[in-house]
Amino acid sequence: MDSFHLSGSIKENSKAGGGVLAESEQRHSSDNINAPLTNDNTCSLTKDFSCIYSKDLLPALSGEESTKCFFQELVNILLNYVSASFRRNSKVLDFHHPHQLKEGLEGFRLELPDQPENLEQLLVDCRDTLKYGIKTGHPRFFNQLSSGLDVIGLAGEWLTSTANTNMFTYEVSPVFILMEEVLLRKMQEIVGWSEEMGDGIFCPGGTISNLYSVHLARYYFFPEVKTKGMTDLPRLTLFTSAHSHYSVKKSAAVLGIGSENVVVVKCDDRGRMIPAELEYSIITAKDKGCVPIYVNATAGTTVYGAFDPIRVIADICERHRLWLHVDAAWGGGLLMSKRHRMKLEGIERAWSVTWNPHKMMGAPLQCSAILVKKKGLLQECNQLCAEYLFQTDKHYDTSYDTGDKTIQCGRHVDVFKLWLMWKAKGLEGFGSQVNKCLENAEYLFNKIKQRPDFELVFNSKPEHSNVCFWYIPPSLRNMPPGPERNRRLHEVAPKIKAQMMENGMTMIGYQPLGDKVNFFRCVISNPATQTEDVDFLLEEIARIGQDIKLQLTETN
């Protein structure tokens with residue numbers, strides 16, 4: 001039911017003992033990349049991959065035909081996997097414990113050999129690697145903020161890896177560099193910045209994007225830190241909400257500011273930062289001799305999907321002359337929707353913004369951007385003018401060499417897949433995609449409200465596509481609130497999740513938060529998800545929950 005396998009030619013031809021074509025039959029004279037390798041674009045001879053090794057592939061002189069056949073078999077594996085990812089009767093995962101995978105399963109071995117293995121084994125390894133992984137594109141995968149399998153984005157990622165270039169200079173990445181400029185300008189426009197302002201860079205994930213924001217804020221107020229370090233600086237203080245992403249504290253730790261100098265600001269019961277608490281925290285920090293420099297407002301918190309009141313927070317930052325960063329890694333996608341972008345009202349007043357298109361917009365991982373309002377600041381902050389890369393006497397406009405704007409040297413091309421998706425969908429298509437995900441979340445919210453075996457963590461309609469809830473086993477439904485009920489309820493979600501992973505038909509995350517015991521957090525960012533998948537999730541939780549009811553009863 002859930003298999004995706006090598007095409008028959010591998011197994012059949014390993015028995016037939018087919019050989020490698022002669023060089024004269026395999027060589028292709030044209031340098032035109034648009035031309036097929038052969039006239040009919042198919043292997044002229046079926047291959048026995050058990051007799052072929054990587055040394056027989058391109059750039060070997062006679063390797064063209066074997067390379068083409070190898071890639072065609074690989075594409076068959078990938079297409080079978082993609083098709084299986086969208087089939088609801090296929091599993092989200094074929095779960096095995098770490099020791100089982102390490103010991104080897106059905107010929108799948110993780111250990112590395114001393115001698116080369118043939119291509120037949122490599123193709124089997126490719127198939128098994130996908131088989132034992134997670135289908136994050138499955139319509140019933142609700143576990144992470146990033147999910148879905150966009151076919152256009154996947155095509156973009158394949159092309160990117162084929163090009164295999166680096167984003168540090170225009171000379172080695174001319175088209176991708178210009179695409180990045182165009183895309184960043186478009187994202188800045190959507191945030192609300194004028195064409196005269198704005199800069200940015202694509203980063204390896206939202207944590208690094210947030211790191212850039214703290215790095216830039218510190219440099220903006222204390223540029224001497226670039227050369228002298230932290231020794232001559234006062235005690236700097238950062239502010240973020242209690243529901244914000246842990247990367248703000250991590251950034252403070254990495255940059256030498258110290259995680260203890262991140263002030264955690266109280267939130268309301270919906271998970272939004274309380275502006276009055278922020279201002280009180282800033283004044284208190286100043287009274288203690290600290291120097292506040294930075295406030296992080298979250299647009300779409302990780303657990304609740306809450307949106308901090310950016311406009312009011314911006315007023316406070318202006319009064320105290322603080323850098324305002326908006327972490328819209330999760331919520332930035334709502335800017336694409338006319339219906340929902342008002343939830344980020346005030347984002348145009350931010351000094352920097354993190355936005356992850358690999359979340360709500362469905363771009364393949366990784367695809368995250370740091371947008372910066374002040375042009376040139378990224379360059380000033382990070383530039384070191386390495387002469388072996390950033391020569392000033394190049395024959396083209398070297399302002400397009402982006403490498404000195406970044407902390408990294410080598411940088412993966414993250415822009416092309418998003419550029420291609422944008423061409424395919426347009427702003428309108430992305431907006432519809434976002435609307436659909438939030439409609440599905442509201443559908444889930446309403447279904448839970450109607451069921452006695454589930455309980456919402458909070459009763460107000462979700463702001464984003466996060467829906468947080470408990471499953472209540474029969475033995476707990478008439479039990480009064482209190483420590484004993486909480487103790488038993490805390491065990492429910494982990495036990496259901498464990499059985500869910502063993503079954504493999506759907507997947508959802510859970511966590512405790514504050515005084516709330518373990519609850520499920522369903523996030524919907526996959527455009528393939530339909531209401532029938534939401535119904536399946538609830539029924540699967542309830543079905544498994546009936547089994548754990550007996551275990552809970554027997555242990556008490």
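One-based numbering along the sequence shown.
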>> Is it true that Tyr246 and Thr302 share a donor-acceptor pair across their side chains at a distance under 3.5 Å?
In response: no
> Looking only at side chains, do Tyr212 and Asn382 share a donor and an acceptor under 3.5 Å apart?
Replying inline: no
>> Whether the Asp327 and Asn210 side chains hold a donor-acceptor pair (N or O, under 3.5 Å, no angle test) is what I'd like checked.
In response: yes
> If you look at every heavy atom in Ser465 and Trp330, which pair is closest and at what distance?
Replying inline: OG-CZ2, 3.3 Å
>> Between Asn356 and Ser368, do the side chains contain a donor N or O and an acceptor N or O under 3.5 Å apart?
In response: yes
>> Just by distance, no angles: are the side chains of Gln144 and Ser146 close enough, under 3.5 Å, to form a donor-acceptor pair?
In response: no
> Do NZ/NE/NH1/NH2 and the carboxylate oxygens of Lys343 and Glu463 come within less than 4.0 Å?
Replying inline: no
> Under 3.5 Å, is there a donor-acceptor pair linking the side chains of Lys497 and Asn143?
Replying inline: yes
> Listed by chain and number, what are the ring-ring contact (aromatic ring centres under 6.0 Å, His included) partners of Phe416, not counting sequence neighbours?
Replying inline: Phe176, Trp419
> Side chains of His245 and Thr298: donor-acceptor distance under 3.5 Å anywhere?
Replying inline: no
>> Less than 3.5 Å apart, any donor N or O on the side chain of His138 or Ser85 sitting next to an acceptor on the other?
In response: no
> Are His243 and Ser241 linked by a side-chain donor-acceptor pair shorter than 3.5 Å?
Replying inline: no
> Does the distance from a Lys or Arg side-chain N to an Asp or Glu carboxylate O, for Asp199 and Lys405, drop under 4.0 Å?
Replying inline: yes
> So which pairs with a foot in residues 174-191 pass side-chain hydrogen bond (donor to acceptor under 3.5 Å, both in side chains), sequence neighbours left out?
Replying inline: Glu180-Arg411
